[in-house]
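Each remark here refers to the structure printed beneath this line.
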Amino acid sequence: MAALRAGKTNNEADQPSSPVLRFGSDKPLKLDAGTLLSPFQIAYQTYGTLNDARSNAILVCHALTGDQHVANTNPVTGKPGWWEVLVGPGRIIDTNRFFVICSNVIGGCLGSTGPASTNPATGKPYGLDLPVITIRDMVRAQQMLIDHFGIEKLFCVLGGSMGGMQVLQWASSYPERVFSALPIATGARHSSQNIAFHEVGRQAVMADPDWHGGKYFEHGKRPEKGLAVARMAAHITYLSEAALHRKFGRNLQDRDHLTFGFDADFQIESYLRHQGMTFVDRFDANSYLYMTRSMDYFDLAADHGGRLADAFAGTKTRFCLVSFTSDWLFPTEESRSIVHALNAAGASVSFVEIETDRGHDAFLLDEPELFAAINGFIGSAARARGLSA
Amino acid sequence: MRRKGDDIMSVNGSQRVDLEVVANLIPPQSRVLDVGSGDGSLLELLQDTKQVDGRGLELSQRGVNECVARGLSVIQGDADKDLEFYPDKGFDFVVLSQTLQATRNPKLVLDELLRIGNRAIVSFPNFGHWRVRLSLFVKGRMPVTQDLPYSWYDTPNIHFCTIRDFVNLCEELGATVEKATALDAAGQKIGLSMPWWFWNFFGQQAVFLLKR
C-alpha cells in the first residue's frame, strides 16, 4: 500500500521487492503492436528448486489484476499470496517437488515493464505511451524468462482467467516447450459481453478528472474514484447471482431501516465500495486499461485462420481444462469449444466442469473438486514425465 | 450412456469379464478412445496392462471428475453429439462398451466409431437372450433381469437390439466383423463353432471387433 501511495510514481513498478530480470537494448521484446519494447524488465518469484534435468518447472500465469506473488506475502497488501491454497510446500502444486515460477505480466504494475514504469526516453512514467500489450506479448516475455533459467520444456503451465489465456497461448506458440497445460475458467477469445464490461471499466477510469489523459503521476494525482468504480463493476462479474444472494441478500448495512438516501444502505453496496477502495490501493489505473485491453484483443482462432483446432495442430501437450457451472464470464461453453478444437487436433485432453455457485472467482478459492482434478492431472503428467513423487 | 460412475458395475455382475474381453482385443501401446468411459475401469485396465494412450468420453460429469482426479484423460461429452469433433482415424481403437443401447441414434454413433477408429469394439446386452424372450413371451412384461435391471419407464436403454440385429446394422454400414464373442449368463465365452442363432439365444452379452 505504501508503495503506491508514496511519491508521485509507483516504486514497485521500477524497483520491485521481488527478483527482476532486465533486458537491455540487445534483447528487445517484439510486440504485436509492431514495435519493439526496449529496454524492459520482468519481475518474478520462484519457489522450490529446479532439478538437475530442469524438468520440474511449473509456470503459473496470473489473472487480470494478479501478480507474481503467488505463494508469499504480498509486499503491497501484506496479504497472503493469491494462490497459497494451491501452491506451496505440501500443497497440490508442491514446491518441495516442483520449481514454481510466476512473473508479473508485461503491462502490469508490480515490477514488469508497464505504463507505471519509467520510460527511459523521458524519465517519466510511460502512461499511454506504452504500446498496447497483447497476451502473446506477455507470453513472449515469459518465454525469455524461461530461457534465462535454461529451461527447455516446462513441466506444466497453468492459470485461470487471463492466466488461462496465457496458458493457451503458450501451448499454441511454444508447443514443444509445454509438457502439460492447465487452463482454468478461461476462453480462447474474449466474448462481446466481456469486452463490454471491460469498456465500462475503462470509461470509468478515463471519466475521472484525476486521470489526466493517463498522465496522472505528473499531476501528483491518481484516478481512484474511476478505478474503484471499474473494479466494482468487474467484481460483480466475478461472482454469481446465487452467491451474491447467499452472502448478502437484501441485508442492510449497520442499520435497521432504509435511509431514503444514497448511502450504502445495503450490505452488497458496502461490500462493493470496500472492494473498489482496497483495489485502488494496490493497482495502477493505466495498467488496468492495458490488462483489460490485452484480454479483449485475445482471439486464438483468429490468429489461425478462424479455426481454433489449427492453433493446436500436431500438439503433444497434455491438456486439462476446468470450468465452473456458475461462471458467466467464461461459461462452460467457452471451455467446451476449446476441448472440441483439441479433440479435432488429436490432443490429449481432460475436461472437468465443477458445480459451484461461486462464479468465476471459484478458481482462486478452496474448491475441493478443482484441487482433486488438478492433483490427478498433475500426478499422471508427472508420471508420464518421469518425475518422482 | 451410463449415467452414474458406478453403473458399470451395477449393469451386470459379469461386467469385468466383458472388460477383459474388450481389453484382450487391444494390443499394447494402442491409441484408444473409450466412448462412455463410466468410472474409467476399462481405461485404467488398459493403461495398467497395455500402456495404451487412452482417452475417455463420458456423459456423467461426476464420472468425468472422478476419472480426471485419478489421472485419466477424460472429457465430458455425449456420444450422440460430440463424436463429430474427432478427426478421421484418429485412434487405433474406439470402444463403445455397454453404451450403444443408450444412445439416441445408434446407427450414426456406430458410423462415427468406424470413422474415428481404425477399428471399433462394441459390446452390448443381447435383447435376443432366452430370458428376455421368455419374459415377454410368458409374462407379457418388459424384461427386468440381472443384466437389464431397469423398468421400462426409467431405463436409460432406449435402443435395444439382438445380436442378429447388430450384425445386420454392421452390414448396412459396410463394416466387417473381424471378431465376435458372446458371453453366456455365467460370463463364459460361447464356443466359436456355434451358429448365430445359438449365440443370439444364449448370449447375454456380445462383443464385436469391427473394421471398415
Side-chain angles (χ1 to χ4, degrees), chain A residues 92 156 180-184 307-310 312-325 332-333 335-356 367-385 387 389, chain B residues 4-5 29-35 37-40 43-48 50-94 112-113 115-118:
Chain A
I92 286 167
C156 185
S180 64
L182 185 39
I184 304 168
R307 193 165 178 270
L308 188 55
D310 289 348
F312 305 109
T315 184
K316 298 268 187 291
T317 304
R318 303 159 69 100
F319 289 84
C320 179
L321 284 95
V322 182
S323 71
F324 302 99
T325 50
T332 289
E333 278 317 305
S335 288
R336 198 183 295 281
S337 71
I338 299 168
V339 169
H340 288 156
L342 287 167
N343 282 157
S348 166
V349 51
S350 295
F351 169 43
V352 169
E353 182 191 37
I354 289 163
E355 189 155 342
T356 173
E367 277 288 343
E369 266 198 273
L370 169 67
F371 293 172
I374 295 177
N375 194 35
F377 176 69
I378 294 276
S380 85
R383 281 192 296 281
R385 185 81 173 119
L387 293 174
Chain B
K4 298 189 195 79
Q29 267 108 40
S30 303
R31 283 167 56 83
V32 180
L33 174 66
D34 186 6
V35 181
S37 49
D39 67 353
L43 280 175
E44 211 158 48
L45 181 70
L46 288 170
Q47 254 173 31
D48 292 348
K50 302 281 181 85
Q51 294 78 48
V52 302
D53 177 4
R55 319 277 171 78
L57 178 74
E58 167 58 32
L59 188 61
S60 136
Q61 191 60 60
R62 178 153 300 281
V64 173
N65 293 14
E66 285 168 9
C67 283
V68 174
R70 279 157 57 201
L72 298 167
S73 184
V74 175
I75 65 169
Q76 195 275 335
D78 188 335
D80 278 301
K81 289 185 200 152
D82 293 319
L83 291 176
E84 62 170 300
F85 298 102
Y86 290 91
D88 295 357
K89 305 299 176 197
F91 293 90
D92 300 319
F93 292 87
V94 181
E112 285 287 75
L113 300 184
R115 177 184 68 78
I116 298 166
N118 287 320

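So you know, we letter chains A, B, ... as the sequences are listed, proteins then strands, and number each from 1.
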Over 12 non-hydrogen atoms of neighbours within 6.0 angstrom of CD in A/E355: no
Per-residue contact mode, B/Q76 against chain A (heavy atom under 4.5 angstrom): both
B/E84 side, atom CD; A/N343 side, atom CG - distance, nearest 0.5 Å: 11.0 Å
Flag, side chain of A/S350 to backbone of B/V68, donor-acceptor distance under 3.5 Å: no
Qualifying residue, where the test is side-chain contact (heavy atoms from CB on, under 4.5 Å) with B/I75 and the options are A/V352, A/L321, A/V339: A/V339
Minimum heavy-atom distance between B/S73 and A/S348, given as atom pair plus value: OG-OG, 3.4 Å
Closest non-hydrogen atom pair between A/A344 and B/P87, with its separation: O-CG, 3.6 Å
Structural part of A/E353 lying under 4.5 Å from a heavy atom of chain B: both
Pairwise distance OH(B/Y86) to NE2(A/H340) - rounded to 0.5 angstrom: 7.5 Å
Toward chain B, the part of A/A382 with a non-hydrogen atom under 4.5 Å: neither
Interface moiety of B/L72 toward chain A, non-hydrogen atoms closer than 4.5 Å: backbone
Set of side chain to side chain contact (heavy atoms under 4.5 Å, CB included) partners for B/K81, sequence neighbours left out: B/D78, B/R104
Main-chain N/O of A/A347 paired to B/R55 side chain as donor or acceptor, under 3.5 Å: yes
Among the listed options A/A373, A/A309, A/G379, A/A345, the residue most often paired with chain B at heavy-atom distances under 4.5 Å: A/A373
Options B/V64, B/N65, B/D53, B/D82, ranked by heavy-atom pairs under 4.5 Å with chain A, top entry: B/N65
Residue pair A/F351 / B/Q61: nearest heavy atoms and the distance that separates them: O-NE2, 4.2 Å
